[in-house]
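Each remark here refers to the structure printed beneath this line.
Values in this document were obtained by computation on a predicted structure and should not be read as measured data. Naming convention: chains lettered A, B, ... in sequence-line order (proteins, then strands); numbering from 1 in each chain.
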2 protein chains.
Amino acid sequence: MALLARQPQFERQIVRYANDVSGREEEHEPSLASRLRLAVVRLNRRLRAQRTDSSVTLTQISALSCLYNWGPMTPGELAAKEGVQPPSMTRVIAALEEHGFASRRPHPTDGRQAIVEVTQAGRDFVRAEVCARERWLDRRLADLDEEEREVLSRAAEIIDRMAGQ
Amino acid sequence: MALLARQPQFERQIVRYANDVSGREEEHEPSLASRLRLAVVRLNRRLRAQRTDSSVTLTQISALSCLYNWGPMTPGELAAKEGVQPPSMTRVIAALEEHGFASRRPHPTDGRQAIVEVTQAGRDFVRAEVCARERWLDRRLADLDEEEREVLSRAAEIIDRMAGQ
DNA sequence: TATTGTTATACTCTATAACTATA
DNA sequence: TATAGTTATAGAGTATAACAATA
């Protein structure tokens, strides 16, 4: 706990009603769930607001990264990995195909299923454009100290585990 | 670093192309930016998927919590705190007013602005319904050990600081 | 002329329900 | 009959552009 104890804890929010003449002052201590929810919602907004020249959306990049990192899989597997419903993934895959970043081939043994995989253009895109898209976040991370990045690294792993349930 | 070093680091992703007969195996180590982005995008999806009986959306709850925690403020200030554009906040405030959870009064010195504040019904709602909405996340957090919650607590503070820039 | 806020409009993201094809 | 995937539809979330009111 030594490392964590050294750091400033989350500041208790003192609620002052600026325009309230009564001068009353209440004190809340937002729960961890509340603070984590707000942090995630806000960072998600910021990430989605980052635009590059390409018309590839964050959701598409996320799915493409998944295929890139884990290899070919069926639409259903991809939907499960990304935590979305199959109909949502259908549209994402269609968009990636239109961009030429993913392709589909028949499943060798099951005619209902398909195998989706990244194309060479898709690989090039992940290496180049995704980095561009993450420049904003990279800059923010660069401003932190090494120990804060360690905390975020561990948090990313914990959050991913929670979200995967 | 002792505390962090004790913990398992994020697992290096070994990329195996399951359906690739070449048997080649590439190794990527996703950047911190990539891992944090994916974690945040996925947890955000999970949080938005949590529904309660009420028709109040996560965005509305987020803004209402902000007013509850920080007191009355103008629409512009609220938009800035939440990290959205003013037109987006206009709609959120209108929805909160329709629910009777927020009210608007004229700014004392500037006729262009207004002061938005939480109503008593809004306070009651934050205390009751927001908790209900967060039950899913609370359960996930309860499954973690104390040290992991400390990491997330610190991460929430760091992320909020980054997103606020 | 600059600032604050709203209205109009459009696009992304995602879900559920209903359907088709295959197992 | 069960499973995988797609199509249809709808609602949440958000932005930009154009406008109105006030400073």
Side-chain angles (χ1 to χ4, degrees), chain A residues 37-38 40-52 54-64 72-99 102 104-116 133 163, chain B residues 37-38 40-52 54-64 66 73-99 102 104-116 133 163:
Chain A
R37 170 177 57 76
L38 282 169
V40 164
V41 164
R42 284 174 193 165
L43 184 54
N44 184 70
R45 272 186 199 128
R46 284 305 186 103
L47 291 173
R48 290 196 181 274
Q50 303 308 311
R51 303 271 162 194
T52 63
S54 78
S55 60
V56 183
T57 69
L58 184 57
T59 299
Q60 291 162 21
I61 287 172
S62 191
L64 189 62
M73 65 185 86
T74 68
E77 287 167 344
L78 187 53
K81 267 220 184 281
E82 287 288 291
V84 298
Q85 294 300 308
S88 303
M89 192 48 74
T90 294
R91 309 191 66 178
V92 175
I93 293 170
L96 290 175
E97 278 189 296
E98 267 179 43
H99 280 104
R104 205 185 298 244
R105 57 185 158 86
H107 191 282
T109 61
D110 188 336
R112 297 170 301 180
Q113 301 185 56
I115 304 286
V116 187
R133 184 108 188 183
Chain B
R37 170 177 57 75
L38 281 169
V40 164
V41 164
R42 283 174 193 165
L43 184 54
N44 183 70
R45 272 188 199 126
R46 284 306 187 102
L47 291 173
R48 291 197 180 275
Q50 304 307 312
R51 305 269 162 195
T52 63
S54 78
S55 60
V56 182
T57 70
L58 184 57
T59 300
Q60 291 162 19
I61 287 170
S62 191
L64 189 61
C66 194
M73 64 186 86
T74 68
E77 286 168 345
L78 187 53
K81 269 223 185 276
E82 287 289 290
V84 298
Q85 293 300 307
S88 303
M89 192 48 73
T90 294
R91 308 188 66 176
V92 175
I93 293 170
L96 290 175
E97 278 189 296
E98 267 179 44
H99 280 105
R104 206 186 296 244
R105 56 184 158 85
H107 191 283
T109 61
D110 188 337
R112 297 170 302 181
Q113 300 185 58
I115 304 287
V116 187
R133 184 109 188 182

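The CD atom of A:Q85 sits 9 Å away from the C1' atom of C:dT14 (whole-angstrom rounding). At whole-Å resolution of the value, CG in B:N44 and C1' in C:dT14 are 11 Å apart.
In terms of modelled atom types and a separation under 3.5 Å, the side chain of A:R46 and the main chain of B:A163 share a donor-acceptor contact.
In terms of the side chain to side chain donor-acceptor pair (under 3.5 Å) criterion, B:E98 has no residue partners (sequence neighbours excluded). Scanning for side chain to side chain donor-acceptor pair (under 3.5 Å) contacts around A:R45 gives an empty result, with sequence neighbours left out. Every residue was checked against the salt bridge (Lys or Arg N to Asp or Glu O under 4.0 Å) condition with A:E77, not counting sequence neighbours, and none meets it. Shown here are the salt bridge (Lys or Arg N to Asp or Glu O under 4.0 Å) partners of B:R42, two or more places apart in sequence or in another chain: A:E82, A:D160.
The nearest pair of heavy atoms linking B:I115 to B:P106 is CG1-O, 4.2 Å. Minimum interatomic distance between B:Q60 and B:S55 (heavy atoms only, all atoms of both residues): OE1-O, 4.2 Å. B:V56 and B:I61 get closest at one heavy-atom pair: CG1-CG1, 3.7 Å.
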Under 3.5 Å, which protein N or O atoms sit close to an N or O of nucleotides 2-5 of chain C? Give each pair with its distance.
{"residue": "C:dT3", "atom": "O4'", "partner": "B:R112", "partner atom": "NH1", "Å": "3.4"}
{"residue": "C:dT3", "atom": "O2", "partner": "B:R112", "partner atom": "NH1", "Å": "2.8"}
{"residue": "C:dG5", "atom": "OP2", "partner": "B:G76", "partner atom": "N", "Å": "3.0"}

Pairs: protein N or O with nucleotides 11-13 of chain C N or O, under 3.5 Å:
{"residue": "C:dC13", "atom": "OP1", "partner": "A:R48", "partner atom": "NH1", "Å": "3.2"}
{"residue": "C:dC13", "atom": "OP1", "partner": "A:T57", "partner atom": "OG1", "Å": "3.2"}
{"residue": "C:dC13", "atom": "OP1", "partner": "A:L58", "partner atom": "N", "Å": "3.4"}
{"residue": "C:dC13", "atom": "OP1", "partner": "A:T59", "partner atom": "N", "Å": "3.4"}
{"residue": "C:dC13", "atom": "OP1", "partner": "A:T59", "partner atom": "OG1", "Å": "3.4"}
{"residue": "C:dC13", "atom": "OP2", "partner": "A:T57", "partner atom": "OG1", "Å": "2.5"}
{"residue": "C:dC13", "atom": "O5'", "partner": "A:T59", "partner atom": "OG1", "Å": "3.3"}

Could you tabulate the donor-acceptor pairs under 3.5 Å formed by side-chain atoms of residues 83-95 of chain A, not counting sequence neighbours?
{"residue": "A:T90", "atom": "OG1", "partner": "A:P86", "partner atom": "O", "Å": "3.2"}

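Note that the first and last nucleotides of DNA chain D, 5' to 3', having any atom under 4.0 angstrom from a heavy atom of chain A are D:dT3 to D:dT14.
With rounding to the nearest 0.5 Å, the separation of OG1 in A:T57 from CG in A:L64 is 10.5 Å.
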